[in-house]
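Working notes, beginning with the structure itself.
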Amino acid sequence: APASPEFRAAGVVGWEPPTRELLGPARFALDAYNRGRAAGTRAVLGTVRGRVRRAGQGSLYSLEATLEELSCKDPMVCQLPVSKKTLLCSFEVLEELGKHMLLRQDCGPVDIKVTDVRNETFNSVLPLSSREPFPKEFSVKIASAFKNFVTTYNRTYESKEEAQWRLAVFTRNMVLAQKIQALDRGTAQYGVTKFSDLTEEEFRTIYLNPLLQEQSGKKMRLAKAVGDP
Amino acid sequence: APPEWDWRRKGAVTKVKNQGMCGSCWAFSVTGNVEGQWFLNRGTLLSLSEQELLDCDKVDKACMGGLPSSAYSAIKNLGGLETEDDYSYQGHMEACSFSAKKAKVYINDSVELSKNEQKLAAWVAVKGPISIAINAFGMQFYRHGIAHPLRPLCSPWFIDHAMLVVGYGNRSDIPFWAIKNSWGTDWGEEGYYYLHRGSGSCGVNVMASSAVVD
């Protein structure tokens, strides 16, 4: 089911304080991330946002969290001031009968320089792995494409922060679509679709079917090929 | 196999449906197949209920996903499928309200199909649309044309979306499968996805199946 409003909204820097419900699975994911790390080098939880889907006695949490970790792993040899490294992580945590299970973890560095909330160009809300911001011309084109997208697919966002966050997602997706386009060997065209404001995580969680990967359903008999006697 | 085939032109395929914000592609894939099988064996095209499967197939997980193989079993065990009109789609799981009296179609069995795409094409041309499952890489941004992602990007080991093959052919010498999706007509080519045929693209050949109606 779609996330309730309390789980929506907010951009990278404008995230609302995590609800109590998200904190349990987020801490569980953090513990999993820190497993095997020495004390003093463990990451700490920054911001958390996410959504939850329920079925029966289970809940599937799709979380996006920032983790802070010291860029210098050994405090004895670190030069001051010690800088912090921020990671943007996607986690999928399944909770069933009070027990948590980490289904997916995907972390990458965030360029803090481009996540300044005061700057409202959409470069400013992008957590980029690349340190180069997009050229201004690209930003203008994307902003226009996003405006068309919002009109075409009748999108409404609950807050300015959410709109800003969705613009950031849309921008990342357009770059991703270009990459997919470049790597396609057929005649397919990739670009703006009605799913363009969803993160890959959201798209997979909402629209796809993870059970198919297991392929452990009932064994069916093999069909005779047509034309076989 | 004939060089091309399209069950849409022969009236065996219902309009494109929309699963909404729910991972119920498995149900749409299977009902699409049963719609085709019923049409080919009984001559009537009926739009069948996915909601019945979401609510009453207790092996599968409704919006959290499911497997076509279990869905065929559920249809067989329940005693058939109601129509879309009688048991309409809600996009989330509800209490099972299947009524055997309202069931309009039944199936006798289900079969797993060959992984050889030439044999699959022959099967489609003779027997009707088939349920398939693929790696949905790139589909979030697909607009039109024949998709042929690089194999390492679209591994057949990561199958996460079920659909319905309704035909095949060639466009400018590029062989394709015509695949009915369940994301509405405002996605892809009027709701359809075209995928390269003959290269096992995105695992299109690994989970092909069909119901059997005697």
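Values in this document were obtained by computation on a predicted structure and should not be read as measured data. Here is how names work: the chains are called A, B, and so on, in the same order as the sequence lines, proteins then strands, and each is numbered from 1. Note that these values count all heavy atoms, side chains included, but never hydrogens, waters or copies made by symmetry.
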So which heavy atom on B:His161 is nearest to which on A:Leu212, and how close?
-> N-CD1, 3.4 Å

Using the benzene-type ring in the case of Trp, are the ring centres of B:Trp183 and A:Phe203 under 6.0 Å apart?
-> yes

Bottom line for B:Tyr194: the part with an atom under 4.5 Å from chain A's heavy atoms is neither

Determine the minimum heavy-atom distance between A:Lys224 and B:Trp123, stating which atoms define it.
-> O-NE1, 3.7 Å

Closest non-hydrogen atoms of A:Met220 and B:Glu112, given as atom of the first, atom of the second and distance, are O-OE1, 3.6 Å

Scored by heavy-atom pairs under 4.5 Å with chain A, the best of B:Val126, B:Asp186, B:Leu113 is B:Asp186

Verify the neighbour count for atom CZ of A:Arg155: are there more than 12 heavy atoms of other residues, nucleotides or ligands below 6.0 Å?
-> yes

Name the region of B:Phe176, side chain, backbone, both or neither, that has any atom closer than 4.5 Å to a heavy atom of chain A.
-> neither

Which bit of A:Tyr207 is near chain B, if near means a heavy-atom gap under 4.5 Å: side chain, backbone, both or neither?
-> both

What is the distance from atom OG1 of A:Thr193 to atom CH2 of B:Trp187, rounded to the nearest 0.5 Å?
-> 8.5 Å

Which of B:Ser110, B:Cys25, B:Ser201, B:Ala125 touches chain A most, by non-hydrogen pairs under 4.5 Å | B:Ser110

Should A:Lys219 and B:Ser69 count as side-chain neighbours, where that means a heavy-atom distance under 4.5 Å?
-> no

Apply the test side-chain contact (heavy atoms from CB on, under 4.5 Å) to residues A:Ile180 and B:Phe137: give CA-CA distance (whole Å), side-chain angles for both, the deciding distance (0.1 Å), then the verdict.
-> CA-CA 9 Å; A:Ile180 294 170; B:Phe137 173 85; 3.9 Å; yes

Using non-hydrogen atoms only, which part of B:Ala1 is less than 4.5 Å away from chain A: side chain, backbone, both, or neither?
-> neither

Under 4.5 Å from any heavy atom of chain A - which part of B:Gln140 | both

So, for B:Ala147 and A:Tyr190, which heavy atoms are closest and what is the spacing to 0.1 Å?
-> CB-OH, 3.5 Å

Side chain / backbone / both / neither for B:Met64 at chain A, heavy atoms under 4.5 Å | both

At a heavy-atom separation under 4.5 Å, does B:His144 approach chain A through its side chain, its backbone, both, or neither?
-> both

Among A:Asp184, A:Thr187, A:Leu183, whose side-chain contact (heavy atoms from CB on, under 4.5 Å) with B:His148 holds?
-> A:Asp184

Which bit of B:Cys22 is near chain A, if near means a heavy-atom gap under 4.5 Å: side chain, backbone, both or neither?
-> backbone

Okay, side chain of B:Asp160, backbone of A:Asn209: is any donor-acceptor separation there less than 3.5 Å?
-> no

Which answer fits B:Leu153, side chain, backbone, both or neither, if we ask what part of it has an atom under 4.5 Å from a heavy atom of chain A?
-> side chain

Report, one line per pair, each donor and acceptor closer than 3.5 Å where one atom sits in a side chain of residues 163-175 of chain B; sequence neighbours left out.
| residue | atom | partner | partner atom | Å |
| --- | --- | --- | --- | --- |
| B:Tyr168 | OH | B:Pro2 | O | 2.8 |
| B:Arg171 | NH1 | B:Glu189 | OE2 | 3.1 |
| B:Arg171 | NH2 | B:Glu189 | OE1 | 3.0 |
| B:Arg171 | NH2 | B:Glu189 | OE2 | 3.4 |

Out of curiosity, A:Leu208 CG to B:Asn135 CG, how far, rounded to the nearest 0.5 Å?
-> 9.0 Å

Under a 4.5 Å heavy-atom cut-off, does chain A meet the side chain of B:Asp109, its backbone, both or neither?
-> side chain

Chain A contact via B:Ala136 - which portion, at a heavy-atom distance below 4.5 Å = side chain

